[in-house]
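Residue numbers run from 1 in the order of the sequence given. Only a predicted model underlies this, so the values are computations on that prediction, with no experimental measurement involved. What you see below is based on every heavy atom in this structure, not just the backbone, and it leaves out hydrogens, waters and symmetry mates.
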Amino acid sequence: MFHLGWFLGTGFGVYGWNTPWAGNVAQDVGNPGLFADMAAALERAGFDYMMLEDSSVLPDIYEGSFRHSLKVATVRFDPLPLVPHLTRRTRHIGIIATAATTFYPPFLAARLYQSLDHLTGGRVGLNLVTASPHAAAQNYGLEQHVEHDLRYEMADEWTRTVTALWESWEPDAVVLDESTGVFADHTKVHALHQQGRWHSSRGPLNTIPGPQRRPVLCQAGGSPAGRDLAAAHADTIVSAVVGVEAMREFREDISRRLVAHGRRPEDAKVLFLVDPVLGDTDRAAQDRAERKTAAMAASLENALAGLSYVSGIDFSRFDPDEPFPDVASRTNGHQSTVADYQKAGAGKTLREVALTRRVAESIPLVGSPDTVADQMAEAMDHAGGDGFLIASPVTRRGISEVADGLAPVLRRRGLIRDGYEHATFRENLLAF
């Protein structure tokens, strides 16, 4: 069996803007209804979690302007208030919300996520990101963002501090002894007095431990520094490497890193990003995939704006019909993603790479539900990973196609769970 999750690539944002099957866009903006319906459908399908991406910046790298970002609605609400709305409609599925370790003080994050663990009955997760745009850092008072590898060192110390705060109450500290009038045993609640290079906290938390004690941790860094942070702390790891051989290498590399950190390979579940194109028949799905590719080719601007965001380099300055520029050595952004683009760009023009390569797709999945199920099983058997993270645009039609079309086929084949055995997100995630 493998695990399933859904990656909401613009977090709690504006979904379906100006696309077919978007529904009532005006009604959905800032409204939790679409996402609550989605959570219920994915739980019915046996998904382990939804992961809500986030960013603290309105991008203006492309052309040095907000024009494109506002044209295509690259806006986000804070995902954290959405979490209880989603768990109110569901009983089992986990909800992972993103927080930037560079900008959240450890005590604030530890207390916030511990509170959410109570509010959700033990079903919240924290996606660790370091953020990359300089503009995001400037929103929090920094002149420039921290250098790539250094911010991962900072994130490691941040995570250790947050974890220590979660552990500042011993498991049996809450006694609720009505006969003596004692709520908690003060000898089992401990101050940290932690003084790190970047992060310090006195502790303890003034919030009692949640059902999970430590919310599920997720990490998606693909660079060596990101992989090492994931291996040290994460319960689930997201990868967008391209091709089954790269998937296998990633899983093997993460396993080695987990062992080096004193953990077991099965302690972290690796899910690979995919964007399945489904149809009633293989031919119908191929037709949809071709239309999707044609739509991408019609929007070079969108592709260049996306490249600008992940790299931190303005791609509007490059001639699209010249060779793909050497940018990997100059980026302080998403290094593994930019490196993948650089590799794919060897011997090709910028236009060719921008219009044919999608960021969130480890392998192409195209066909009827039965065909796509075959493709997923074959890839997982070869790669040795733990599952897939759907990264498709969110529309009610798309959700239904996966939850009510693909998932039942996977379940009949015994490839995904047919129920939830445990009460908390972590227990279900690590059940197999």
Side-chain angles (χ1 to χ4, degrees), residues 4-58 69-70 72-100 104 108-109 111-127 129 210-212 215-216 218 220 236 238 360 389-404 407 420 423-425 428-429:
L4 288 177
W6 195 306
F7 173 68
L8 285 87
T10 55
F12 178 20
V14 179
Y15 274 91
W17 164 247
N18 204 26
T19 61
W21 298 95
N24 189 337
V25 176
Q27 177 180 306
D28 286 337
V29 174
N31 189 319
L34 170 64
F35 305 94
D37 291 345
M38 180 181 187
L42 297 186
E43 180 171 275
R44 184 174 68 250
F47 273 59
D48 282 80
Y49 61 81
M50 294 169 59
M51 199 265 268
L52 309 174
E53 184 259 7
D54 192 28
S55 174
S56 295
V57 64
L58 185 65
S69 295
L70 291 173
V72 300
T74 309
V75 297
R76 293 169 172 85
F77 297 91
D78 192 313
L80 289 169
L82 180 64
V83 175
H85 282 277
L86 304 186
T87 56
R88 188 175 298 121
R89 281 280 303 276
T90 56
R91 296 180 58 194
H92 304 288
I93 192 170
I95 309 297
I96 299 175
T98 297
Y104 271 78
L108 174 64
R111 187 168 181 254
L112 179 56
Y113 278 85
Q114 194 74 284
S115 300
L116 284 171
D117 203 41
H118 282 281
L119 292 173
T120 63
R123 292 194 284 131
V124 72
L126 163 57
N127 179 40
V129 301
Q212 299 183 105
V216 166
C218 175
T236 183
V238 179
L389 193 63
I390 308 295
S392 301
V394 176
T395 65
R396 288 179 172 84
R397 176 184 178 178
I399 295 164
S400 180
E401 286 177 330
V402 172
D404 301 315
Y420 300 86
T424 69
F425 178 14
N428 284 315
L429 179 67

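Q114 meets the side chain to side chain donor-acceptor pair (under 3.5 Å) test with no other residue; sequence neighbours excluded. Remark: E43 pairs with T90, R91, H92, I93, R123, Y420 by the side-chain contact (heavy atoms from CB on, under 4.5 Å) rule, at least two apart or across chains. Annotation: side chain to side chain donor-acceptor pair (under 3.5 Å) contacts of T74 (sequence neighbours excluded): none. With sequence neighbours left out, T87 forms a side chain to side chain donor-acceptor pair (under 3.5 Å) with no residue at all. Not counting sequence neighbours, D78 has no partner by the salt bridge (Lys or Arg N to Asp or Glu O under 4.0 Å) test. Partners of R89 by side-chain contact (heavy atoms from CB on, under 4.5 Å), not counting sequence neighbours, listed by chain and number: A36, D37, A40. In this view, T98 and N127 satisfy the side chain to side chain donor-acceptor pair (under 3.5 Å) rule, not counting sequence neighbours. Under the rule for a salt bridge (Lys or Arg N to Asp or Glu O under 4.0 Å), R88 has no partner lying at least two apart in sequence or in another chain. Residues passing the ring-ring contact (aromatic ring centres under 6.0 Å, His included) test with Y49, sequence neighbours excluded: F425. For A407, the side-chain contact (heavy atoms from CB on, under 4.5 Å) partners two or more places apart in sequence, or in a different chain, are A45, I416. When the side-chain contact (heavy atoms from CB on, under 4.5 Å) test is applied to S56, the partners found at least two apart in sequence or on another chain are Y140.
Under the 4.5 Å side-chain criterion, counting only non-hydrogen atoms from C-beta, P32 is not in contact with L86. Within the 4.5 Å cutoff, no side-chain heavy atoms of R396 are placed close to those of M38. A heavy-atom distance below 4.5 Å is found between the side chains of W6 and V394. Put simply, the side chain of V75 reaches to within 4.5 Å of the side chain of L58, judged on heavy atoms. Residues P84 and L116 are in side-chain contact: their nearest non-hydrogen atoms beyond the backbone lie under 4.5 Å apart. Between F7 and V238 there is no side-chain heavy-atom pair separated by less than 4.5 Å.
Proximity of a side-chain donor or acceptor of Q212 to a complementary backbone N or O of T424 within less than 3.5 Å is not detected.
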Side chain to side chain contact (heavy atoms under 4.5 Å, CB included) evaluation trace for M50 with L42: CA-CA 8 Å; M50 294 169 59; L42 297 186; 3.6 Å; yes

Apply side chain to side chain contact (heavy atoms under 4.5 Å, CB included) to the pair L112 and Y104, showing each step before the final yes or no. CA-CA 10 Å; L112 179 56; Y104 271 78; 4.2 Å; yes

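The CG atom of L80 lies 12.0 Å from the CD1 atom of I95; values are rounded to the nearest 0.5 Å. Distance CG/L429 to CG/D48: 5.5 Å, rounded to 0.5 Å.
Heavy atoms only, all atoms of each residue included: L389 and G5 are closest at CD1-C, 3.2 Å. The shortest non-hydrogen separation linking H85 to P81 is CD2-O, 3.4 Å. Here the closest heavy-atom approach between residue Y113 and residue P215 is recorded as O-CG, 3.9 Å.
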